[in-house]
Structures are given as C-alpha cells and as structure tokens.
Amino acid sequence: MTSADAGTSKTHKVLQFIRFQSAVDIVFWPLVAKLKLEEVRLNTDQHIDITGSYTYLTRKIHTDSSSTAPDAEASVTAIPNNHPPLFSLNEKSFPRKTWSVPGDAVDPAEGTVSPKLVVIPGTLILYNKEEEMISADRKAIFAKYTEQLLEQMRSDEVLRNPGLFSHFILLCFPDVKKYKFRYWFGAPALYAQDQPHQLARSPGQTLAYQTVADAFSSEEINTLGTKVQQLIKDTSECGHIANQCGGFFLVRRLQPGVTANECVEVALLSEWDDFFKGSDVYIGFLDPSPSAEILGWPIRNLLYYASRFKGLETVKIIAIHQHVGVLDLFANSKVMEISLGKSESVPVTVGWEPGVGTTKLSSRVIDVSGTLDPLQRASAAVNLNLQLMRWRAEPAIDLPTIANARCLILGAGTLGSYVSRSLLAWGVSDISFVDNGRVSFSNPVRQPLYEFADCLEGGKFKVRCGSRCTEKSLS
C-alpha cells in the first residue's frame with residue numbers, strides 16, 4: 001500500500017519488520033535446570049538476567065555440489081529473504097565473569113576479525129508448574145516491560161545502554177525430573193497503531209531503499225567502513241558486540257572542505273543530542289534481516305523513541321547486513337528514509353513468538369532427556385528429590401556435605417540394609433560394610449540388599465552382595 005506526500009512528490013509504503021525465531025542451543029537447558037535447583041528453587045517472583053545474541057550475517061547455501069567453483073553465483077544461494085533471522089540462546093546466555101570466544105570470532109584484543117554477534121539483555125522467568133506458565137498473563141508481562149522501557153526512554157537511559165531497545169523475555173517451565181522444557185520467547189516491540197512508520201521513496205526511485213554506493217561517495221564509504229569497524233571493535237567484549245553499542249550507532253556526513261579522514265563521523269547513540277544538532281544524520285543499524293525492504297526486529301523500539309521522545313518526523317537508516325565470505329561491509333546493506341509521523345496514543349506492544357510451523361501464538365516444548373547419559377538423569381532425579389525436601393522441610397540442610405560423606409556400616413543385616421538404602425536416598429555414594437555372615441534363605445524377604453540367588457550354594461558373603469546392590473542402585 002502506497003500513498004503520496006502532499007508537500008513533496010515522494011511516495012510512501014508501510015514499513016515492515018521481520019521477527020526473530022528463537023534458536024536455543026541444547027546446552028542451554030541443563031543450565032536452566034541447574035539454575036532452578038540451586039538458585040531459584042520454589043521462588044516465583046525472581047526474574048533472572050540473561051543475554052541472547054543475533055548476527056547481521058546471512059549464510060549462503062551451496063546448491064550445486066557438482067560445481068568446481070564453490071564461490072560462483074550459480075552454485076550458491078542465499079538464505080531466503082522471508083526466512084526469520086535467528087536469536088541465539090546458549091551457555092553464554094548466563095552471567096559469567098568473562099565470555100568465551102565463539103568459533104567464528106576472535107577476541108577483539110587480538111584484533112584480526114570483527115565480531116559478528118550482537119549481545120542483547122533479557123529476562124528469564126521460571127515457573128513451578130506447567131499450567132502456571134501456559135496460563136501466564138503475557139499481556140500483563142509485556143505491559144510491565146512497556147512501562148519500564150518508556151521510563152528508560154524518558155530518562156534517555158536507552159542512549160547510554162542501547163541494548164535496552166532490544167530487551168527480550170523468556171518464559172520457561174523446566175521439568176527437571178524428565179528434562180522437558182516448555183518455553184515462550186518474546187521480543188517486545190512498541191508501535192503506534194494510528195501512525196505506522198513508512199518508507200519514503202523519491203521520484204524516479206524504483207526501490208524503497210538505496211544502496212550505500214548510491215547514497216555515499218567512494219571516499220565516504222571507505223572512511224565510513226573503517227570507522228564503523230573500529231567502533232564495533234571498541235565496543236566489543238570477547239568477540240561480542242556489547243550493550244553500549246547494542247547494534248546501533250550514529251553517522252553524520254560533514255560539509256565539504258574538511259580533510260578526507262573526516263568526511264563522515266561515527267559515534268555511539270550516547271552522542272545523539274550533539275549529532276542531531278547538525279544535518280545529514282543517519283542511524284546505523286546492524287540488521288539481522290536478509291530482506292532488502294524489510295528491517296530487522298530490534299530497530300522498532302528505536303524508531304518509536306526517535307518519534308515520540310525526540311520529535312523526529314523522518315530518519316535515515318543505514319541497515320548493515322553482510323553475507324558470509326563477503327568482505328565488503330556495505331555490499332548487501334541499504335539506506336532508507338523512514339517517515340515516522342506523530343502519535344500521542346498509548347503504544348501497543350507485540351512480539352511473542354508463534355508456535356512451531358504455525359502463525360498462531362503458542363509456547364514450544366523441547367525434550368532433551370535423550371541427549372543425557374542415563375547416570376546423569378538418575379543423579380539429577382535423586383538431587384531433585386533432595387532439593388524438594390530441603391526447600392519444603394529444612395532449608396538449612398547442607399546437602400553437599402552429606403553427599404560427600406564416607407559411611408561405614410557395622411552389620412549388613414536388616415537394620416544395616418535399610419540404613420544403606422536411606423544413605424543412598426540422601427545422595428551418599430561412598431558406603432562400606434563390615435559383616436562376616438553369609439546370606440541365608442530367610443534374609444531376602446527382610447533385607448533389601450539381597451535376593452534369592454544370593455542364598456544358593458551355602459550363601460554368599462553379605463558384604464559382597466551389599467556392595468554389589470548399592471553399586472547397582474547408583475549405576
């Protein structure tokens with residue numbers, strides 16, 4: 001749908017955004033289970049700070065295996081434009097003193113490869129019961145977040161910490177006994193229903209965007225590329241673009257006559273007020289969207305902020321998106337002019353992820369039990385029972401001390417048998433027996449360490465049978 005601008009000859013088209021698709025690494029879930037058992041417990045009010053990440057790279061698929069030139073256009077197809085960009089959650093999502101370096105990036109201190117992952121802050125909300133998560137008031141959750149974000153916009157905190165523009169929410173019910181996890185990913189985005197953002201197109205412009213080469217001179221592009229790469233490097237931590245950048249930056253074209261190295265300026269959003277005192281200012285965006293005319297989800301809240309709190313009616317965007325293996329930062333990037341309009345209405349917040357294979361909003365379920373060693377699952381089940389007893393009955397119990405105890409049982413009869421079983425139930429695995437008797441036919445029905453076969457041929461020694469039985473219970 002397009003419309004003509006009464007004051008100019010520009011035409012407008014409603015701006016579209018492509019939402020994220022959550023991509024949760026299998027190693028993320030055992031850490032959620034551990035967090036639930038050791039820290040959150042039965043607490044229903046605790047929200048956990050985590051992080052996720054996205055990339056502004058589009059990977060290519062080789063479609064012609066017979067080609068001898070893997071880089072030839074005939075043998076390579078880009079990911080489809082309508083394919084949702086991935087939002088990654090993995091073991092690095094949890095707070096750590098240092099981030100580990102991903103496989104396709106180098107520690108920025110070594111300085112050979114620019115980071116390609118933009119780190120975004122988020123909130124993990126855990127539930128004790130599956131039905132509680134399914135019936136959670138998602139509208140109220142987004143409303144609370146919206147109120148918080150609007151306050152951060154009013155105070156300009158979002159300029160000092162641009163990652164707040166893209167804050168995400170993850171609801172989760174962890175069934176730590178079966179290792180099944182129900183979850184729902186949300187990336188809240190504000191918009192004014194009465195004033196949607198629009199792409200502005202000049203006369204004779206066939207597309208709703210320009211290439212960077214059309215919008216800037218070669219000299220400006222060289223300077224801009226150098227400065228953007230340096231800004232990304234300077235705001236990165238161990239191969240990830242940190243919150244102080246958040247995937248956004250400012251670009252200002254300078255007046256002719258200055259030195260070549262200063263034909264454009266690049267700065268963080270924290271320099272917003274100073275930058276927008278001048279003219280010809282662009283908002284730079286590391287864009288996860290592979291589509292030419294559709295922008296990635298993270299910029300939605302920034303556009304709302306620019307309109308509602310900074311009074312801008314139009315903005316120019318440099319959306320940077322790269323293909324893997326293409327060194328030119330701007331080869332697949334685009335420049336857009338966006339008409340923001342004005343709105344004083346209460347914003348609507350959207351962004352919950354639809355279910356798998358459907359457009360209907362629904363949670364997702366993953367079962368990771370098949371990826372775990374059976375011994376690990378058994379240990380986790382025992383640990384869960386112990387944790388539940390501690391949470392509900394005696395919080396002061398020191399379970400690690402009990403589990404690390406070494407126990408010697410004098411006598412492997414009826415009392416010794418049940419004592420050993422109780423010790424196993426409390427997580428004790430180092431148990432020794434002292435007894436010189438053998439298993440008789442009257443023992444198995446009263447003493448759970450033994451079975452009928454242990455009574456044959458004069459009976460086996462009780463200490464050997466007891467040790468075998470306890471080991472079988474553990475493995």
| Got a donor-acceptor contact below 3.5 angstrom from the S93 side chain to the N90 backbone? | yes
| task | In sequence, state the C-alpha distance, the side-chain angles, and the governing distance for F173 and Y127, and then conclude on ring-ring contact (aromatic ring centres under 6.0 Å, His included). | result | CA-CA 5 Å; F173 164 68; Y127 292 85; 8.7 Å; no
| From F28 CZ over to F181 CZ, what is the distance, rounded to the nearest 0.5 angstrom? | 9.5 Å
| task | Using the test salt bridge (charged side-chain N to carboxylate O under 4.0 Å, His left out), find all partners of E132 that sit at least two apart in sequence or belong to another chain. | result | none
| said: Could you walk me through whether S307 and L312 satisfy the side-chain contact (heavy atoms from CB on, under 4.5 Å) test, starting with their C-alpha distance in whole Å, then the side-chain angles of each, then the deciding distance to 0.1 Å, before giving a yes or no? | reply: CA-CA 5 Å; S307 171; L312 300 182; over 6 Å; no
| Going through the checks in order, is the ring-ring contact (aromatic ring centres under 6.0 Å, His included) test met by F248 and W272? | CA-CA 11 Å; F248 304 108; W272 182 290; 9.9 Å; no
| task | Establish, for the pair R364 and W184, whether the NZ or CZ atom is under 6.0 angstrom from the six-membered ring centre and no further than 45 degrees off its axis. | result | no
| task | Check side-chain contact (heavy atoms from CB on, under 4.5 Å) between R252 and all other residues, then give those that pass, not counting sequence neighbours. | result | L254, E265, D274, F275, V281
| message | Does the Lys NZ or Arg CZ of R300 fall within the cation-pi geometry relative to W297 - under 6.0 Å from the ring centre and within 45° of the axis? | response | yes
| With no hydrogens and no angle check, is any side-chain donor or acceptor of N301 less than 3.5 Å from a backbone partner on L190? | yes
| query | When you measure from the side chain of S270 to the backbone N and O of R160, does any donor-acceptor pair fall under 3.5 Å? | reply | no
| query | Hey, is the main chain of I294 close enough, under 3.5 Å, to the side chain of S289 for a donor-acceptor pair? | reply | yes
| task | Check for a donor-acceptor pair, side chain of D287 on one end and backbone N or O of H321 on the other, with a separation under 3.5 Å. | result | no
| query | With a 4.0 Å cut-off, would you call K34 and E39 a salt bridge? | reply | no
| request: Look at the side chain of Q16 and the backbone N and O of L295, then say whether any donor-acceptor pair between them is shorter than 3.5 Å. | output: no
| request: Please work out which of the three classes, parallel, tilted or perpendicular, describes the rings of F185 and F87, given edges at 30° and 60°. | output: tilted
| Is the NZ or CZ atom of R253 positioned over Y282's six-membered ring, under 6.0 angstrom from the centre and within 45° of the axis? | no
| said: Once rounded to the nearest 0.5 Å, what's the spacing between atom CG of L57 and atom CG of L286? | reply: 10.0 Å
| field | Electrostatic pair K310:D156 at N-O distance under 4.0 angstrom | value | yes
| query | Short question: side chain of K334, backbone of S291 - any donor-acceptor pair under 3.5 Å? | reply | yes
